[in-house]
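Below is one structure, written out as structure tokens; the observations come after it.
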Amino acid sequence: MSGRIVETEAYPPGDSTSYAFRGRTTRNQAMFLGKGFAHVVFVYGSSYMLNVTSEEPGVGAGILLRALEPLEGIDVMERLRKTDKLRDLARGPGRLAAAMEIGPRLDGVDLCSDGPLWLGAPVRRTGRIGTSVRIGISREVDRPLRFFEMGSRFVSGRSTVS
DNA sequence: AAGAAGATTCGCT
DNA sequence: GCGAATCTTCTTA
């Protein structure tokens, strides 16, 4: 399975909404591995989400992948997500993880080398990138740390700049 | 020890 | 649009 990343959110060092904010725990330890690793976290008792770590080893930070434009393995994603609506397969962080069968076994995987999950090169030119506040948080609400491909129908939430 | 909130999703109105 | 489901973590008693 593969997809284009069309929406992300940053959770930088020192951000009080980051799972890494209060220091290393079993749940967030992968966020401290260094750049380019997977951090898989279980939220709301029902969903997994995928972060890409983004700082030096020992510093907890990550980029949340919020939405994909499905490219390959769409039939597999449809089975995993129990829907055949292309637009809904990976629109939202929990859906993205479910569509790609991303679970706790992938926590800590190096996304920049061979393995079960990795980051590849762009398959086509990226569109204009919009910026907005992050979705679903109640603190640090004014930080413009959400980024999305403008005009993409695979983006979750509002596709407007704020 | 108990309660509330949370980087969500789904089903119903 | 709204509330429930569901569980881990943090806060308060």
What's the verdict on side-chain contact (heavy atoms from CB on, under 4.5 Å) for A:M100 and A:L68, showing C-alpha distance, side-chain angles and the deciding distance? CA-CA 10 Å; A:M100 302 279 283; A:L68 296 182; 4.0 Å; yes
Within residues 28-41 of chain A, those residues having any heavy atom closer than 4.0 Å to DNA chain B are A:M31
Contact check, residues 127-137 of chain A vs DNA chain B, heavy-atom distance under 4.0 Å, returns A:I135, A:G136, A:I137
Less than 4.0 Å between a side-chain N and a carboxylate O, is that true for A:R124 and A:E69? yes
Quick one: name the residues clustered hydrophobically with A:I129, using the 4.5 Å side-chain heavy-atom rule over I, L, V, M, F, W, Y, and just say none if it's on its own. A:F147
Write down the distance separating the P atoms in C:dA4 and B:dA4, rounded off to the nearest Å. 14 Å
One thing to verify: whether A:R81 and A:D88 come together as a salt bridge, which I'm taking to mean a side-chain N less than 4.0 angstrom from a carboxylate O. no
Once each nucleotide of nucleotides 6-12 of chain C is scored for protein heavy atoms under 4.0 Å, what B/S/- sequence comes out, 5' to 3'? BB-SS--
For A:N28, enumerate each residue passing the side-chain hydrogen bond (donor to acceptor under 3.5 Å, both in side chains) test, keeping only those at least two apart in sequence or located in another chain. A:T25
Between the side chains of A:E140 and A:T17, does any donor sit under 3.5 Å from an acceptor? no
Kindly give the cluster partners of A:Y44, where membership spreads through any ILVMFWY side chain lying under 4.5 Å from a current member. A:Y11, A:Y19, A:M31, A:F32, A:V41, A:V43, A:M49, A:L64, A:I137
Residues A:E9, A:R134: salt bridge by 4.0 Å N-O rule: no
Could you pull out all residues at least two apart from A:Y48 that satisfy ring pair (Phe, Tyr, Trp, His ring centres under 6.0 Å)? A:F42
Hydrophobic cluster partners of A:V123 (side-chain heavy atoms under 4.5 Å): A:L71
side-chain hydrogen bond (donor to acceptor under 3.5 Å, both in side chains) contacts touching residues 96-116 of chain A (sequence neighbours left out): A:D110-A:S113
Nearest-0.5 Å distance, CG of residue A:D75 to CE of residue A:M1: 9.5 Å
Using a heavy-atom distance cut-off of less than 4.0 Å, which residues of residues 60-85 of chain A contact DNA chain B? A:L64, A:R66, A:R81
Between A:A38 and A:A30 the two heavy atoms that sit nearest each other are O-CB, 3.7 Å
Want to know the stems of DNA chain B: at least 3 consecutive Watson-Crick or G-U pairs with distances under 3.5 Å, which are they? B:1-6 with C:7-12, B:8-12 with C:1-5
Does one hydrophobic cluster hold both A:F154 and A:I102, with members joined at side-chain heavy-atom distances below 4.5 Å? yes
So, A:S156 versus A:E7: side-chain donor-acceptor pair below 3.5 Å or not? yes
What about A:L86 and A:L80, same hydrophobic cluster or not, with Ile/Leu/Val/Met/Phe/Trp/Tyr joined at side-chain heavy-atom distances under 4.5 Å? yes
Using the heavy-atom set of chain A and a strict 4.0 Å cut-off, write down the first and last nucleotide of DNA chain B that makes it in, 5' to 3'. B:dG6 to B:dC10
Below 4.5 Å, heavy atoms only, C-beta onward: do A:R4 and A:P122 meet side chain to side chain? no
